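The structure appears below as structure tokens.
In what follows, chains carry the letters A, B, and so on, assigned in the order in which the sequence lines appear, proteins first and then strands, with residues in each chain numbered from 1. These numbers were taken from a predicted model, which means no experiment stands behind them.
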2 protein chains.
Amino acid sequence: MRRITLDDVANLAGVSPITVSRVLRKPHAVSPALRLRVDAAVKELGYVPNIAASRLASARTHAVGVIVPTLYNVIFAEYLFALHDVLVAAGFQVIVVNSRYSEVEEESAIKALLGQRVEAIIITGTHHTLLSRQLLTQARLPVVETFELSPDPIDLNIGMSQEQAGQTATRHLIEGGFRRIAFLTGNLDHRARSRFDGYRAAMEEAGLPDLQIIAEKPRHSSVALGSDLFALTCDRGKAPEAIFCTDDNLALGAMQECRKRGIRVPDDIAIMGFHDLEFAACAAPSLSSVITRRFETGKLAAEKVLAALTSSLRSKDQQIDLGFALIPRESTTV
Amino acid sequence: MRRITLDDVANLAGVSPITVSRVLRKPHAVSPALRLRVDAAVKELGYVPNIAASRLASARTHAVGVIVPTLYNVIFAEYLFALHDVLVAAGFQVIVVNSRYSEVEEESAIKALLGQRVEAIIITGTHHTLLSRQLLTQARLPVVETFELSPDPIDLNIGMSQEQAGQTATRHLIEGGFRRIAFLTGNLDHRARSRFDGYRAAMEEAGLPDLQIIAEKPRHSSVALGSDLFALTCDRGKAPEAIFCTDDNLALGAMQECRKRGIRVPDDIAIMGFHDLEFAACAAPSLSSVITRRFETGKLAAEKVLAALTSSLRSKDQQIDLGFALIPRESTTV
DNA sequence: GTGAAAGCGCTAACAT
DNA sequence: ATGTTAGCGCTTTCAC
């Protein structure tokens, strides 16, 4: 049973193939009479256009590639949600590829997307392999790097200073009078590392010791990991007075471990999260955190891509700092 | 600046286009000498094959379509993760489309995927519009419906009885001696509705009253929603002795609201979750829940698709019940 | 092992 | 407003 093609529809409707094509893409360029005949034929045959053929013939794919490290992390799910909304509404397909936090897989992801002839690429982070950068540059298409600020953007760049955010969060704890402040993290991707740098900078400027707690085996951030890491710290001796977690999940895990051990938050220990996930505000005690603007990042990235794709004038090398906001809540209130 | 094509590579390497094509797809069918020349030319020109052309010419897309309601829900992120792993390793592209819990959007999603000429479709749930079913049937490709069991599967079906799971969870509470048991839910998608049916069946068989608490405006399950719904219940008068939440997120929210109000869990109220999200075990008190096998669902669905795509013998109408498991923890222990 | 010819199913460009 | 022609960039025959 052969697949139905445009020609089949044209034959049934008694028109030329191009007319069918027009009815499907720009119905108003066709007279109502023919349009009706064609629509009827399409329906009768259950015709579904072959997108590959359309892409090949028109040299347009109406597809945008998006690379994220993972879908596990809600942050990226929210970001994608916003991206998706804007791009799909504008008639674009969003092709999502995971890099699994690996620069090598990111490289393959870029190749795969270029093979698909996507019209733009939105990529998480600003650190890529040399070849990745080269591929993205040579492809001559709009590229948006997100979630971080690059000293040397490939093209567009929408993000925030992860380092400043880390520093701000740490300073908040220092100002709270805490001195033994630990930094908790699982997977140290480039963004977590920047926050860590910010933490260290803040500690150093206050003349305080660096108390890092980094999962030995990189594990993706989770509540369970937070519990584990915190338990480990406690068992290792002198507990910190405060902890700054790279992620609210870790913070929640640490909080639960505290409860188990009868350690009071914030009386015995202050806990600071990151990203302001939706449960942070309603945790008990409520969790201090740092708001990051994932939705806006996704929305803006998508809009910039659309703008670049629509108008021919490329407003190159734009960098947008979306900032962040510290939200002090009960978990760090003395 | 024209895009590099296979012909360009062939010219540079001094071979025919078909040889380049072979080097890329079945390198062992080409002599080492030519292979090296071609590889060099590919690298020198930075050639990236046009997948649309390849798909059109070969009538194979090596793409599998997956429809999920949303990416917000970790359940689907985990499921996709497993799916992805299997399919990508086998050389397939995974095209993910969201239906946003709408049967109408699901229909468009199916059309979009068929337009892409995906070789199989893996779809969440067993309830679809009439046209959706028709499209899926007529397309004559492997279809896997997941997460539920269908009385009349389109093709393959891998899932579990949501209703039995709901009934089992409710019985567990009833056996704990609770009588005023409420059912908490936000968005009532088909699976949540089935769990609800199970809840009602259990309550009815025990001769107990139905105490449902359903969000007025459908909202996706979240910790905040759990807090809100539970607060609402408390303010409305006589509090239930136990609650069964469609989702661990709701359960966690309810638990936090309890803490805020000084209601002890499980002494004053028992709380039962669903899905056994990763924080359930480490919550304080630990949260009773029902394990659902998202990873296995994804993995198996992908494997079945591969099998159907590889061997020509279609093992039609298979249905696999992956079951579920009740995990009693502190939150329901009297 | 390598190549020549033909065509996949559409659309752009140019008629009419 | 509609049709004709040519071709997008690959791969599938089928020769050699």
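With salt bridges taken as basic N to acidic carboxylate O contacts below 4.0 Å, one links Arg133(B) and Asp152(B).
Straight-line distance from the CZ atom of Arg60(A) to the P atom of dA12(C): 10 Å, rounded to whole Å. Between the P atom of dT11(D) and the NE2 atom of His62(B) lies a distance of 10 Å, rounded to the nearest Å. dA6(C) atom P lies 18 Å from atom CG of Leu56(B), rounded to whole Å. Atom CZ in Arg35(B) sits about 9 Å away from atom P in dT2(C), given to the nearest Å. Counting to the nearest Å, the C1' atom of dC8(D) and the CZ atom of Arg55(B) are 16 Å from each other. Rounded to an integer number of Å, the gap from NE2 of His28(B) to C1' of dT2(C) is 18 Å. When the P atom of dG9(C) is taken as reference, atom CG of Asn50(A) falls 7 Å away, rounded to whole Å. Atom CG of Leu36(A) is separated from atom P of dT2(D) by 12 Å (rounded to the nearest Å).
Minimum atom distance to the side chain of Ser58(B) is reached by dT12(D), of the listed dT12(D), dT2(C), dC8(D). Residue Leu34(B) has its side chain nearest to dT2(C) when only dT2(C), dC10(D), dG9(C) are considered.
The nearest pair of heavy atoms linking Ile154(A) to Thr137(A) is CG2-OG1, 4.1 Å. Considering every non-hydrogen atom in both Glu106(B) and Thr124(B), the closest pair reads OE2-O, 3.9 Å.
Looking only at atom types and distance, the side chain of Gln93(B) has no donor-acceptor partner in the side chain of His62(B) under 3.5 Å away. Of the N and O atoms on the side chains of His128(B) and Glu145(B), at least one donor lies less than 3.5 Å from an acceptor on the other residue.
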(request) I would like to know whether Arg100(A) and Asp85(B) meet salt bridge (Lys or Arg N to Asp or Glu O under 4.0 Å); could you show each step before the answer? (result) CA-CA 11 Å; Arg100(A) 303 207 220 176; Asp85(B) 251 25; 3.2 Å; yes
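Contacts of residues 4-26 of chain B with DNA chain D (heavy atom under 4.0 Å): Thr5(B), Leu6(B), Ile18(B), Ser21(B), Arg25(B).
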